[in-house]
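Read through the structure below, which is laid out as structure tokens, and then see the notes.
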Amino acid sequence: MIRWQHLLNKLSTDDPVLQDKLSCWQADPHQTPLALIQGFSFISANSATLDYFGTEYGALVNTTPYDFSPRIQSSGRNSVEFAREMIIEAASGNHVEFSWLHLSQQGKELPTKVRLYPCYLQQQAVVLVELQALNRRTQVRPSISDGFAHIPREIMATTLEESAEAVYITDADNRILAVNKAMCRICGYSAEQLIGKTPEFLEAKLLPPGQETDCQAAIKQRGFWHGETLKQRSDGSHFPAWQSSRRIETDDNALYHVNIFSDISTKKLLETQLTTRAMYDTLTGLPNRYHLKQILNSALDKLKDDPSALGALMFLDLNGFKNINDSFGHSMGDRVLQLVAARLEAGCIEKADIARMGGDEFTLVLQECSCKEEIQLFAEQILSLFDSPFEIEGQKFFLGTSIGIALFPTHSDQAGQLISLADTAMYSAKKNQPHLVFYDKAMSQAAELKLKLINNLRHAHSLKQFNLAYQAIVDLHTNKPIGAEALLRWQKSPNEHYEAAEFVPLLEETGLIITIGQWALEQACKQAAIWRASYQPDFKVSVNVSPLQLEHVDFVGQVISALEMVALPAEALILEITESALLRQPELARQTLERIKALGVGIAIDDFGTGLSSLSRLGTLPIDSVKIDAEFALRLHDASGQKLCHAIVQLAQALDIHFVAEGIETQQQKDIITHMGQGFAQGFLFGYPSSVEQFTQAFLAERCIA
């Protein structure tokens with residue numbers, strides 16, 4: 001026990017309470033049962049602990065606290081799980097105290113108060129264990145307290161015989177003396193075939209002569225063992241078993257080994273099924289996101305042995321998949337995803353590990369690539385897999401894909417970050433032909449800027465950073481303003497402001513456009529009411545409407561509320577709708593526009609000529625005017641541009657609706673468009689977007705255009 005005294009003197013702690021205890025224990029190292037744990041195993045103990053367990057030093061070292069415990073504690077907790085939980089808590093820096101039922105080497109019950117203290121042994125973290133015997137008199141409970149000593153032997157024999165777990169008992173020479181019914185049932189042997197033989201033939205793994213199993217070695221060293229093993233039935237089939245073995249010496253010095261095991265095949269199968277569910281996507285059978293990280297971590301570990309090696313993570317997102325779900329339902333969408341997964345697997349055999357991230361997102365992991373060009377070529381092959389349609393029940397579905405690629409270890413050597421970088425590259429690929437992009441640092445910077453803008457936008461409204469600028473709409477022939485377009489602006493700080501094109505897409509992406517759009521509508525109506533009352537009774541205000549606003553279930557109600565709030569006549573308001581808004585949900589858009597038209601509110605198609613609206617649909621919509629996109633004004637200097645613009649003017653005249661030419665910046669442009677017909681215009685020639693005060697002074701107070 002000199003070794004224990006040496007270890008005790010080397011223990012250190014920052015806890016003054018434990019330091020006082022250490023001083024007392026160092027003065028008398030074998031009075032209190034003490035032991036040291038590292039990991040989950042004993043690494044040393046004093047003589048008081050050895051006496052407490054009735055064991056020897058060599059039999060205790062490298063065992064665990066739950067090796068000296070019943071399988072289940074009196075509380076119902078599993079001893080292994082409970083003990084590991086307590087040790088982990090102590091190792092994290094906490095003092096832990098709990099009641100525990102130990103078993104001595106001879107099987108005697110030892111109710112114990114256990115205290116665990118975190119400390120250091122030569123700068124290595126260990127847990128110091130203090131044991132205190134417990135019962136009503138703080139004494140070890142009498143060995144007869146379990147009651148088995150009073151049970152007749154016939155009952156004990158019957159209990160063992162009828163047990164659901166297999167039991168066999170061997171002598172000092174390891175020959176089977178007795179077996180129960182479960183042993184015969186599980187292994188397929190009769191009692192006569194087992195008794196008198198050594199049990200090696202029951203083991204599925206045969207060891208070389210002279211080599212011991214873990215069970216045999218443990219029995220020799222400390223007298224007991226429990227763990228998983230692989231057994232063999234009489235028909236040669238194998239099954240996993242959980243076995244407990246203990247050496248018992250009787251009063252007359254006879255030696256026996258009691259072995260108990262149970263077939264855990266069903267449990268192992270369930271574990272396999274649960275693992276499969278946790279690791280694989282149920283729809284496609286491909287590895288899932290969690291499994292992908294394991295694949296990536298394994299690939300990254302291999303790179304440590306070959307720093308010059310190159311790998312790639314490809315992040316795929318299907319183009320056009322949402323239309324399938326919306327048009328044919330999610331059931332059909334799931335079947336398409338299964339076809340996509342099968343086609344990817346067929347095209348990537350032995351080249352890449354495939355996983356499904358969820359939704360219509362897939363990933364491919366390429367290892368041991370020679371160069372970036374090889375990865376580029378493989379990615380192009382993946383793109384080509386989508387050239388042919390996916391066919392289900394005679395219905396053909398045409399899909400594309402966008403691929404973002406992150407290289408490892410070039411871009412990162414962390415699985416989670418690689419996924420994020422490849423995802424960032426994929427979003428960039430969706431905006432660029434041929435939808436294939438390698439990650440670069442600028443993408444992250446753009447993503448960080450976007451995230452920062454979104455975070456600032458979420459607070460901009462409450463901080464009153466939004467305002468409206470107004471640009472005049474004038475009559476081409478009289479040069480007088482008939483109204484103004486309200487343009488949303490974001491004044492983040494006195495020296496930092498953003499145009500609508502810079503932040504409105506982010507408002508739409510986050511859904512904030514519903515709230516901000518309603519605010520802009522109300523502000524524009526309020527200002528129009530003031531101008532009509534003070535300056536121009538027939539003044540109109542034009543407000544842009546997002547597709548999300550148009551699709552909102554209460555949008556018509558919001559328009560009514562904005563008008564009624566300031567008693568503004570409906571004819572004083574014009575709502576500008578883009579052509580793209582009409583394409584998203586055409587029938588819903590038509591119904592909403594008809595309800596708005598019924599109120600008397602004007603409707604204009606904004607940026608006309610740049611979208612994809614069909615002429616047949618245009619003639620059925622309840623619109624009052626089209627706003628010719630500013631791109632056409634830039635082309636008025638050549639004959640072809642003039643013809644295109646004139647065609648739109650004639651179309652508006654044919655449909656008996658007004659036109660507004662946007663982007664008029666020069667007198668020449670104004671003269672050309674004026675000669676095409678009666679209409680309206682707006683642009684820098686007439687005035688820049690300005691504040692309420694500036695607009696009032698320039699266009700209403702003087703009532704003329706220079």
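Any value given below was found using the heavy atoms of this structure, including those in side chains, with hydrogens, waters and symmetry copies removed.
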Q | Donor-acceptor under 3.5 Å (Thr424 side chain, Ser420 main chain) | A | yes

Q. Of all residues at least two apart in sequence or in a different chain, which pass the salt bridge (Lys or Arg N to Asp or Glu O under 4.0 Å) check with Arg77?
A. Glu85

Q. Which pairs count as ring-ring contact (aromatic ring centres under 6.0 Å, His included) when at least one residue sits in residues 318-347, sequence neighbours excluded?
A. Phe328-Phe397

**Q.** Aromatic plane relationship, Phe239 with Phe261 - under 30° parallel, 30 to 60° tilted, over 60° perpendicular
**A.** tilted

**Q.** Value rounded to 0.5 Å, distance of CG in Asp353 from NE2 in His291
**A.** 8.0 Å

(Q) For Asp387, is the CG atom crowded, meaning more than 12 foreign heavy atoms sit under 6.0 Å from it? (A) yes

Q: First locate atom CZ of Arg115, then atom CG of Leu18, and finally report the distance between them rounded to the nearest 0.5 Å.
A: 12.5 Å

Q: Kindly indicate, with the supporting measurements, whether the criterion side-chain contact (heavy atoms from CB on, under 4.5 Å) is fulfilled by Asp440 and Ser428.
A: CA-CA 10 Å; Asp440 66 50; Ser428 178; over 6 Å; no

Q) Does the side-chain contact (heavy atoms from CB on, under 4.5 Å) test come out yes or no for Phe68 and Leu103, once each step is laid out? A) CA-CA 5 Å; Phe68 292 90; Leu103 294 177; 5.6 Å; no

Q. Do Asn288 and Tyr280 come close enough that some side-chain heavy atom pair is under 4.5 Å?
A. no

Q: Taking all non-hydrogen atoms of both residues into account, name the closest pair between Ala90 and Leu116 and its distance.
A: CB-CB, 3.7 Å

Q: List the steps, then state whether side-chain contact (heavy atoms from CB on, under 4.5 Å) holds for Val340 with Phe362.
A: CA-CA 10 Å; Val340 170; Phe362 296 83; 3.9 Å; yes

Q.
Holding to side-chain contact (heavy atoms from CB on, under 4.5 Å), I want the full list of residues that pass it with Glu81, two or more places apart in sequence or in another chain.
A. Asn78

Q. So, does Thr49 use its side chain to make a donor-acceptor pair with the main chain of Leu34 at under 3.5 Å?
A. yes

Q.
Measuring from atom NE2 of His238 to atom CZ of Arg233, what distance do you get when rounded to the nearest 0.5 angstrom?
A. 10.0 Å

Q: Tell me, please, which residues at least two apart from Glu165 pass salt bridge (Lys or Arg N to Asp or Glu O under 4.0 Å).
A: Arg71

Q. Who passes side-chain contact (heavy atoms from CB on, under 4.5 Å) against Ala91, sequence neighbours left out?
A. Val127

Q. With a cut-off of 6.0 Å (strictly less than), are more than 12 heavy atoms of other residues, nucleotides or ligands near CZ of Phe40?
A. yes

Q: Please check if any side-chain donor atom of Glu508 sits under 3.5 Å from a side-chain acceptor atom of Ser546, or the reverse.
A: yes

Q: Tell me, please, which residues at least two apart from Lys351 pass salt bridge (Lys or Arg N to Asp or Glu O under 4.0 Å).
A: none

Q. Does anything in residues 410-419 pair up under side-chain hydrogen bond (donor to acceptor under 3.5 Å, both in side chains), and if so which pairs, sequence neighbours excluded?
A. Ser412-Gln417

Q) Should we count CD of Gln19 as having more than 12 external heavy atoms under 6.0 Å? A) yes

Q.
Could you report the tightest heavy-atom contact between Ile219 and Ser245, atom names first, then the distance?
A. CD1-O, 3.6 Å

Q) Passes side-chain contact (heavy atoms from CB on, under 4.5 Å), Arg84 versus Tyr66? Steps please. A) CA-CA 9 Å; Arg84 291 173 72 93; Tyr66 37 87; 3.3 Å; yes

**Q.** Whether Glu502 side chain and Glu499 backbone form a donor-acceptor pair below 3.5 Å
**A.** yes

Q.
For Ser402 and Asn319: C-alpha separation, side-chain torsions, deciding distance, then whether side-chain hydrogen bond (donor to acceptor under 3.5 Å, both in side chains) applies.
A. CA-CA 7 Å; Ser402 299; Asn319 302 332; 3.0 Å; yes

Q. Sub-3.5 Å donor-acceptor pair from the side chain of Ser244 to the main-chain atoms of Ile260, do we have one?
A. no

**Q.** Other residues, nucleotides, ligands: >12 heavy atoms within 6.0 Å of Lys293 NZ
**A.** no

Q) Do Pro287 and Leu292 have side chains that get closer than 4.5 Å, going by heavy atoms? A) no

(Q) Check the orientation of Phe503 and Trp490. Use parallel for under 30°, tilted for 30 to 60°, and perpendicular for over 60°. (A) perpendicular

Q: Work out which heavy atom in Leu421 is nearest to a heavy atom in Ala406; give both atom names and the distance.
A: CB-CB, 4.1 Å

Q) Under the side-chain contact (heavy atoms from CB on, under 4.5 Å) test, which residues partner Asp67, sequence neighbours left out? A) Thr63, Thr64, Arg222, Phe224, His226

Q: Search all heavy atoms of Leu286 against all heavy atoms of Ala341 and return the closest pair with its distance.
A: CD1-CB, 3.7 Å

Q: Using distance alone, with no hydrogens and no angle criterion, decide if Asn62 and Ser41 have a side-chain donor and acceptor under 3.5 Å apart.
A: no

Tell me which donor-acceptor pairs under 3.5 Å the side chains of residues 372-381 have, and how far apart each pair is, sequence neighbours excluded?
{"residue": "Glu374", "atom": "OE1", "partner": "Ser370", "partner atom": "N", "Å": "2.7"}
{"residue": "Glu374", "atom": "OE1", "partner": "Ser370", "partner atom": "OG", "Å": "2.6"}
{"residue": "Gln376", "atom": "NE2", "partner": "Glu380", "partner atom": "OE2", "Å": "3.0"}

Q) For His95, what residues pass the side-chain hydrogen bond (donor to acceptor under 3.5 Å, both in side chains) criterion, not counting sequence neighbours? A) Asp15

Q) Rounded to the nearest 0.5 Å, how far apart are CG of Leu463 and CG of Leu457? A) 11.0 Å

Q: State the CD-CG distance between Glu345 and Leu364, to the nearest 0.5 angstrom.
A: 10.5 Å

**Q.** Atom pair CG/CG of Leu451 and Asn456 - distance to nearest 0.5 Å
**A.** 9.5 Å

**Q.** Of all pairs that satisfy ring-ring contact (aromatic ring centres under 6.0 Å, His included), the ones with a partner from residues 70-90, not counting sequence neighbours
**A.** Phe82-Phe98, Phe82-Trp100

Q) Who pairs with Thr510 by side-chain contact (heavy atoms from CB on, under 4.5 Å), at least two apart in sequence or on another chain? A) Ile454, Arg458, Leu512

